[in-house]
Protein chains: 2
Amino acid sequence: MAVERSGGGDPLKTLALLWRRPPEPKPVGRKPKVSVDQIVTAAIAVADREGLGAMSMARVAQELAVGTMSLYTHVPGKAELIDLMADAVLRERDLTPEGSWRERIKHYADRTRAVYRAHPWMRDVSMVRPPLGPGLMDGQEFVLAALADSGLEPRHVTVAHVAVEGFVHGAAASEVDDQQLARVTGESGDSWWGARQVFWDDYFDVERYPTMTNLWNAGAYETQGTLADNMRSSFDYGLDRLLDGIEGGLR
Amino acid sequence: MAVERSGGGDPLKTLALLWRRPPEPKPVGRKPKVSVDQIVTAAIAVADREGLGAMSMARVAQELAVGTMSLYTHVPGKAELIDLMADAVLRERDLTPEGSWRERIKHYADRTRAVYRAHPWMRDVSMVRPPLGPGLMDGQEFVLAALADSGLEPRHVTVAHVAVEGFVHGAAASEVDDQQLARVTGESGDSWWGARQVFWDDYFDVERYPTMTNLWNAGAYETQGTLADNMRSSFDYGLDRLLDGIEGGLR
DNA sequence: CCCATTTCCGTAGGCCATACGGAAAGAATA
DNA sequence: TATTCTTTCCGTATGGCCTACGGAAATGGG
């Protein structure tokens, strides 16, 4: 299971591709069999179905019925292709600025999570040094506008933004990690924990871990629904606490 | 730049290795040249110096002056080795339960960040489906005990724990991402942004991004110190807000 | 038709993880 | 001392991936 980092490759080439316009037809030369858009779309489809680890240049070429090496005429490398993919799916969010600043941030969080759920391979793409494409930038403008409307000072807006952004992407990634790993290993999250029953039986030490033991006995680990449901409720809880804390700092 | 996911490999074998005792000498058979501890230590040293992507089985074997394939006698595979590495560095935290519940969580956060700073490759290891080793379990017990002491109900302790854990690891990873990428690409974070100056010049649209433009003009993006300093202040801000929110929920 | 341009893509090279099985090392036993 | 059994070592081999390079193919303009 390999994971790729966005922001790799040549920044200038990546930028040009991220902000590309529809290509003007060239007066001379061979006509292209495929476009950059088609390559990105095919790569996303492969990653959606098989995971990012299985998305090789050869696999994408196969999807497009072209030769592997021909892809390099259009994208400089795999790293750049991943940047393009990440930005393309972020563009699916369709953020609509309605309601209070908190509602807007929650809307952003929900749409971001939806993207991770639709494309679980996003978990495997670092969003810390992200591609500065339209999908990402539009999302950041959206959150910044919401935070600016909360009454925070400019300096605190940017700091809060980093905290919110980090939380949302991190939590969304955690939430789908279960789903993504299940796909790759052919094992559901619940059965993975079951397979780890051996840990509880053979290695867990109640004297070493008294709090966990007490919490277990108090029913604190009882799940309602699936693991993903619980990740979701933790996500909501954490975001609410974070927004409460930001809001508390306004008074 | 490849990134690995912990929790890979055979769970039972991994558990046995995570909770291993010093090996009893065997009555017959060839004496081992290296131990599991030595392999893990060498792998950590390689990852610290060259990044996780450069840490191949061949590279670790070279570090130990043994043949690559001999490593597989001791660890089942690379995935398991990475689990062992992650747990080993988490054990470096040396958590001491002193002070209020908030102080203890902050202590945990600081120690966790220190681990990520000392071993930036931890950024590249998913901690969502983690190895259930002593390093990790001890840390979780520590946070759970702090949260239990805050007065939260058991069910809320576990939910808050997931939020805190996710925030701390995510933020720590973000903070060192800058550092890690700089090492890999031989480029500092500041110069990376500099190289992206082209974005601001050629692609940024003030009409599309009015809030960003206003914030920029208001000096909200002016940095004090390095990018890592700013990540740190965002980390502190976010954690404070999260803990404020948790504390607010107690009243 | 010829030339220049653009795209296609096979070949080749380098790197990685790891299955397999013969060889080497060491202790116990006859 | 020699033999046997066990354990470890590790070279060879296999399959997979990314991408540099350069000849071939396709296309339009003069």
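When each of B/Val28 and B/Ala58 is assigned the nucleotide of DNA chain C with its nearest heavy atom, B/Ala58 is the one assigned upstream, toward the 5' end. Mapping B/Pro32 and B/Met69 onto DNA chain D by nearest heavy atom places B/Pro32 at the nucleotide closer to the 5' end.
Between A/Met57 atom CE and C/dC8 atom C1' there is a gap of 14 Å when expressed in whole angstrom units. Residue A/Glu24 contributes atom CD, which lies 18 Å from atom C1' of C/dT5 at whole-angstrom precision. Between the CG atom of A/Leu52 and the P atom of D/dC18 there is a distance of 10 Å, rounded to whole Å. The interatomic distance linking B/Ile82 (CD1) with C/dC16 (C1') rounds to 13 Å, in whole Å. The CZ atom of A/Arg59 sits 17 Å away from the C1' atom of D/dG15 (whole-angstrom rounding). When the C1' atom of D/dC10 is taken as reference, atom CG of B/Leu64 falls 14 Å away, rounded to whole Å. Counting to the nearest Å, the C1' atom of C/dT5 and the CZ atom of A/Arg30 are 12 Å from each other. For B/Glu50 and C/dC16, the CD to P distance is 11 Å, given to the nearest whole Å.
Distances shorter than 4.0 Å separate none of the side-chain N or O atoms of B/Lys26 from OP1 or OP2 on D/dT7. Proximity of B/Thr73 to the phosphate of D/dT8: no side-chain N or O atom is located under 4.0 Å from OP1 or OP2. When the side-chain nitrogen and oxygen atoms of B/Lys33 are compared with OP1 and OP2 of C/dA25, none of them lie within a distance under 4.0 Å. The side chain of A/Ser70 places an N or O atom within less than 4.0 Å of a non-bridging phosphate oxygen (OP1 or OP2) of C/dC9. Residue A/His74 has no polar side-chain atom (N or O) positioned under 4.0 Å from OP1 or OP2 of C/dT6. Side-chain nitrogen and oxygen atoms of A/Lys31 include none within less than 4.0 Å of the OP1 or OP2 phosphate oxygen of C/dC8. The shortest distance between the side-chain N/O atoms of B/Ser56 and the OP1/OP2 oxygens of C/dC16 is below 4.0 Å.
Of all non-hydrogen atoms in B/Ser70 and B/His74, the two that sit nearest each other are O-CD2, 3.5 Å.
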Could you go through the side-chain contact (heavy atoms from CB on, under 4.5 Å) check for A/Met85 and A/Trp121 one step at a time? CA-CA 10 Å; A/Met85 290 162 64; A/Trp121 52 266; 3.8 Å; yes
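Taking the centre and axis of the six-membered ring of A/Phe235, the NZ or CZ atom of A/Arg113 falls inside the cone set by 45° and 6.0 Å.
Under a 3.5 Å cut-off, the side chain of A/Lys78 and the backbone N or O of A/Met55 do form a donor-acceptor pair.
Using a 4.0 Å heavy-atom cutoff across all strands shown, A/Gly29 reaches at least one base atom of the nucleic acid. Among the atoms of the strands shown, only primed sugar atoms or phosphate atoms (P, OP1, OP2) are found under 4.0 Å from some heavy atom of B/Val34.
Around CH2 of B/Trp216, the count of heavy atoms belonging to other residues, nucleotides or ligands within 6.0 Å does not exceed 12.
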